Structure formats: structure tokens, C-alpha cells
Amino acid sequence: METLEGMKRTHHCGELRKSDVGTEAVVCGWVSKRRDHGGLIFVDLRDRSGIVQTVYDEAAMSEGTFHKAESLRSEFVIAVRGKVRSRTEDTINPKIETGEIEIVCEELRILNKAKTPPFYIQDGIDVDEMLRLKYRFLDLRRPEMQKNIMLRHRVAKLMRDYFDRHGFLEIETPMLCKSTPEGARDFLVPSRLNPGEFYALPQSPQIYKQLLMVSGFEKYFQIVRCFRDEDLRADRQPEFTQLDIEMSFVDQEDILVLMENMVSEIFDKAINEKIKTPFLRMTWDDAMDRFGSDKPDMRFGMELMDISEYVKGSTFKVFNSVLESGGQVKCIKVDGYADIPRRELDGLVEYVQGYGAKGMAWVQYTEDGIKSPFKKFYSDETFDKIKEATGAKTGDLLLVVADKRLVVAQALGALRLEMGRRRGLIDPNKLCFLWVVDFPMFEYSEEEKRWKAMHHPFTSPRHEDIPYLKSDPGRVKSIAYDMVLNGVEIGGGSLRIYNSDLQEKVFEAVGLSPEVARERFGFMMNAFQYGTPPHGGIAFGLDRLIMLMAKRASIRDVIAFPKTQSASDVMAQAPSTVDEKQLRELYVRVALPKKKEKNKEE
RNA sequence: GGCCCGGUAGUUCAGUCGGUUUAGAAUGCCGCCCUGUCACGGCGGAGAUCAUGGGUUCAAGUCCCAUCCGGGUCGCCA
């Protein structure tokens, strides 16, 4: 094996251009591809900047060097010294940025050999993701993955610049925190120095950043890792990164404007996308009623429409009982799809049932008249009225769900997205931002039979709703807001409670007695008695944002070392069992249920 | 925890109704040849725990059950 001694890299592979012709260059990198023509060999050399073609001509170089070139294989690490030469007209490769030139090798050094990789180191591969994760260091060698990671760096840098320019301080907060069982499940860390006691990894730096406001830092931000021990999704990892913000003496509008300007700037500077501000703002009620979602994908229409008034008072039991118990009958209109196959309709029924609806009906306005499972319960005039009210034309399809408000929203909201996908209505190049505002303060947990904070219990209710905290928690709205991009929640925040009395009332509303509240959040409530400024903030999901900017379907593609759906790292083999000694030091004993123990042994 | 999809050469897949070759193809890999390729080309070759365990059957990659792993999703994610 050779070394780099006496040889100094002068250029990166991808940066060489026609203007460099004639200069002597030394490039280093990995062998991407070797094309051996016998007496003439081409080797595509790759580093993080791109790919350049190097040429080895048997007639024009020493036998030893040519022999070395013949021995090159994929992913060998080499250094090449040679002249940059212009390619002849007929050999220009317009597909690569350096396609007008090539390097004629004068000296070749093999710095390291490489085993044949288990998959191609190139873009657009179709390989089992587990294999990519097992060999993540090779997966990350692929140009598109490098691009994602570089984009991530660039965005983080732009964010830091932006907030620095606006007077924000980046302040670190602890990773070893107090467990607060409210909210997501905590990752716990046993304390050796405090036997039997545990830290929790932060679900977010929420309390610390509010305390920084009490301290008077006024404008805080941090790009920070957060941990939640919940089930994973394509856009959820057990550890993820937030851009965390908190400010004092501001109102909601200040925060929204600051954030949309930030987003507009990073989209412009990182991926050259011009975003119009201000963003559309929509109340939570509107979002739910019109799109059936608190994070509506605004890239297409197909809004939910209420047809309750046209179908009420009939002999059709399903609609009647729903309407009589305060529910709704709503539909979406799928343009030009009245000829949907019956089989697909049956599939859609199952689909909405997965989202809590009991069933789904439909109206097909076909050339041959109306087809609908509830046709016999209504007159032709009723169907004409529905047609007019929904703006349906002959050839259009209505999909109808009847149930309680939130069930209708959930089912039709999901159905809307599914039909948008199936009908090809979603333009992947569109970027539709909006703010969803006026979230409910609480939602009712059927499981726990109590009201729970929708955002978190430090969120301020709207002033005018405070009287209802006790009497009617369901009607209390909060000063909370989410930023949504293309149907993905990329950020959310709120103005906070800064008055101890109000805080106590809210704790009470979510069933936290003063004693329990003090035990869990006492240090915070104590701090709040020493002069707390009005404050509020927001947290942005950096991974999701980069995923959308990079147009990837999963945040795993923008995280260097992500975990699988079962939260394991298949490369490092984490999590793993640990030595009995380690456990003893921590005063921890493992107690698996019988079934799991048996599986572990096998 | 529920539901859906998947697991066959290094990789991506095919494998029909359970039965005709030695489980097939492409690509990658190895060897030989080749002086303008860039998906280089030509000839030859090697390469399989059909995820694991059990069952049905004269016969299982194929059917059944269980388990494991991966992906999607519902619940969950203050």
C-alpha cells in the first residue's frame, strides 16, 4: 500500500472545468467505475464534490503505473497526479459536471484497497433498507446521501446565522433531566451516584427554555437533540433534532413573522426556492372542517363538504341516527371518477374503517343516472340539490361519511389524501406552507377519562376563554400554532402561561392536583414567582424540514445514522444487553416477562 | 398492542395448480480478450442455510401454524 507522502491534493474531483485545462492536478478519492479497454483504461474517481474521469494509456505511461491501473477495483482509495485535458468533441459526457475534461494520469497511488461493496455506490439504487443501514458508512458514500447531509449542514448554518442576526443566543440545556410522565414516554438513565433514581432524556428543552426567559435572556435558540420513546414512523425517530426557540415580550404575530421569514430565507439560500410570505393562516376549526386534518396538505383542493341539511329527516336510518345525535354527513368530490370500479369502492370502505368510520357511502353521477347505495331513500330532487351544492358535474363521484365531527374529519381527511394520491392531484414540486392557529387547549382522552393538554400544559389559553377552564374545557382555545408544509407538521409552538394562578388552574383542568403538580414542576412554579416575562416560542422539526427540502419520503434519508422501526441500530447492534457488573453498579436488575425471556434464549 | 406488505445467488427479481432437468434471469464478482469508453463491449467461470422452527403430503421455495427481522399504517407521539 502506498502513502500520500510528497503528494498534495490540489483539486476536488467535481470542481474541475474547462478553464483548468493544462494545469497539473492531484485528486484523491474512491474508484467509482473502471472501464478497461485493454490498452486504455478509464477510471471515474469520486470524492464528495463529484466525479471526474481519469485516463490511463498504456502507450503513454510506465508499465508499472499501467499495471497498477489494471488492478484497480471499485471503491479502492487512490490519488492521481496528471494533466487536465480537454476532451474531444465526440467524447464529451454532458451527464456529469466535469464531462468536458479528463485527467491524464502521470502518477497513480493506491492508498487503500476495498472489499466489493454489498450494493452499488451510486444514486437511485433499489436495495433493502436494512442492508443500507447495516452498511450505513457505504450508503452515506452515495452522492445523493452526501447531498442530503450537506443540505442539512447548510440549513443548520443558515438558521444559526439568521437567529444570530436577530439577536438570539444559542444556549445549551441538559440532556440528563427530570422525568415528567405527562406527554411522551421518557428514555430513562439510571443514576449510579443516586441509587434507585433515574434521569430522563429530554423530550424537548421546554421547561429549561422557559426558565431562560425567567433569567432574562429574552431570545433563545438551540439546535438540539430530543428523545421520545414512542413507536416509530417514516417521519419519526426515537431521537430527532429540533430547532428550538423562545422569546420574551412578544405576541403570536411576532413569532409567526420571525419564523416564516426564517423559512423563506433558508429555502431561498439552500435550495433556491422562493417562498411567498406571509403564509396562509387557518384556524384549527377550519382546517378540521374543510380538510379533515390539523395539518392539511394544501397542494390540492377536494375540500370536505357538509350535506347534512339535504339528507336529514329521511327514512335512511344511518344518516338519521347520526344527525339526531349531533353528528354530520359530509363528503368529498372526486372529479371525473364516477366510473370507479365497485371493487375499489369496497376497498375504500375498508380504508375509512381503518380511521374509525363505521362505513362509507357514495354517489356516482353517471351518464346513465345516479348510482348510490342510499338512492332509494331520497328523491331525484334531493340528489340534484346535492349535486348543485357540491358543484358536482356528471361524471363526478361523491364519497360520503356520516359520524361524529372528529370521526368524519379523520376518515374523510385520510380519504381525501388517498384520493389525491390515486388521482395524481398532488404536485410534488409545489410547496404549500400555512399556519394552523387557535388550537383547542384540551382534548378528551377516552382511555384515561380525562382532559389532556393538546400542546402542553404550559400553553396559554386565549384570554377570553379562561372563564371556561373549569366549566367547559372543550371550548377553550389556546394561543398555539403549527407550521404545516405539504401536509406535514414541521413546527409548533405557543405563547406560555406566565402567571402562577393561571398555571395552577390549567394543571387542575388536566387533573393534576396542586401536590402532584408541585412534585413534578415545583422548580418551575417556584421560579415563576420571581418575575416572569410574557414569553412564547416554537420548536421546528429539523429532520422533517430537511426531508421535505430534499424531497425524500423518510427522515431516515436525512439522518446520518438513523434507527429502524423497532428503534434498533442494525450497524452498531444497539440496543444490546450489558454486563451484569454494569447493572450492579447502577442498582438495576432486568426482569423480563416469561414470554420475552423465552424468545431471547431462542 | 392491532392491521397490511415483504424475506429465494453479493444485489434486484422470476419461480404457474404442490411434481421434467442440477431452483432461473439480470446485474455485480473472478479470469481471458479488447485504445475513446462513460449502463463500454466479447468469451468463459464461480456464486443459493429458498429468514428460522414445526406441521400436512408419496413429494414443499410453493400449502398450514408459530417465531424472528424489515417496511407502511392505526393506536401512541404533552
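The structure displayed is predicted, hence computed values, not measured ones. Letters A, B, ... are given to chains in the order of the sequence lines, protein chains preceding strands, and every chain is numbered from 1.
- Under a cutoff of 6.0 Å and an axis angle of 45°, Arg475(A) and Tyr468(A) form a cation-pi pair.
- Taking only side-chain nitrogens and oxygens, Gln410(A) comes nearer than 4.0 Å to OP1 or OP2 of G75(B).
- Rounded to whole Å, the C1' atom of C43(B) lies 25 Å from the corresponding atom of A48(B).
- The side chain of Arg556(A) contributes an N or O atom lying less than 4.0 Å from OP1 or OP2 of G72(B).
- Outside the 6.0 Å centre-distance limit, the rings of Phe240(A) and Phe227(A) are not counted as a close aromatic pair.
- Backbone-only contact: Asp126(A) has heavy atoms under 4.0 Å from sugar-phosphate atoms and none from a base.
- Side chain Arg85(A) to base G36(B): a donor-acceptor pair is found below 3.5 Å.
- A donor-acceptor contact under 3.5 Å is not formed by the side chain of Arg35(A) with the base of U35(B).
- Side-chain atoms of Asp57(A) and base atoms of U35(B) include a donor and an acceptor less than 3.5 Å apart.
- In this structure, C3(B) forms a base pair with G72(B), meeting either the Watson-Crick or the G-U wobble geometry with both donor-acceptor distances under 3.5 Å.
- Between the side-chain ring of His37(A) and the base of C40(B), a stacking contact exists by the 5.5 Å and 30° definition.
- Distances shorter than 4.0 Å separate some side-chain N or O of Gln565(A) from OP1 or OP2 on G72(B).
- A donor-acceptor contact under 3.5 Å is not formed by the side chain of Glu230(A) with the base of G75(B).
- Counting to the nearest Å, the P atom of A51(B) and the CG atom of Leu131(A) are 16 Å from each other.
- The base of G75(B) sits within donor-acceptor range of the side chain of Arg233(A), with an N or O pair under 3.5 Å.
- Evaluated for a side-chain contact (heavy atoms from CB on, under 4.5 Å) with His456(A), the options Ser494(A), Ser478(A), Ser204(A) yield exactly one hit, Ser494(A).
- Side-chain N/O atoms of Arg236(A) and base N/O atoms of C76(B) include a donor-acceptor pair closer than 3.5 Å.
- Proximity of the aromatic rings of Tyr56(A) and Phe42(A) is defined here by a centroid distance below 6.0 angstrom, and this criterion is not met.
- An OP1 or OP2 oxygen of G10(B) is reached within less than 4.0 angstrom by no side-chain nitrogen or oxygen of Lys115(A).
- Looking at Asp229(A), its side chain has no donor and acceptor atom pair within 3.5 Å of the base of C77(B).
- Screening Arg132(A), Lys563(A), Gln237(A), Gln565(A) for a side-chain contact (heavy atoms from CB on, under 4.5 Å) involving Arg556(A) leaves a single residue, Gln237(A).
- Nucleotide G24(B) forms a pair with C13(B), judged by Watson-Crick or G-U wobble geometry with both contacts under 3.5 Å.
- Pair check for C50(B) finds none; no Watson-Crick or G-U wobble contact set falls under 3.5 Å.
- For Asp90(A) and G36(B), a side-chain-to-base donor-acceptor distance below 3.5 Å is absent, hydrogens and geometry of angles not being considered.
- The side chain of Thr116(A) contributes no N or O atom lying less than 4.0 Å from OP1 or OP2 of G10(B).
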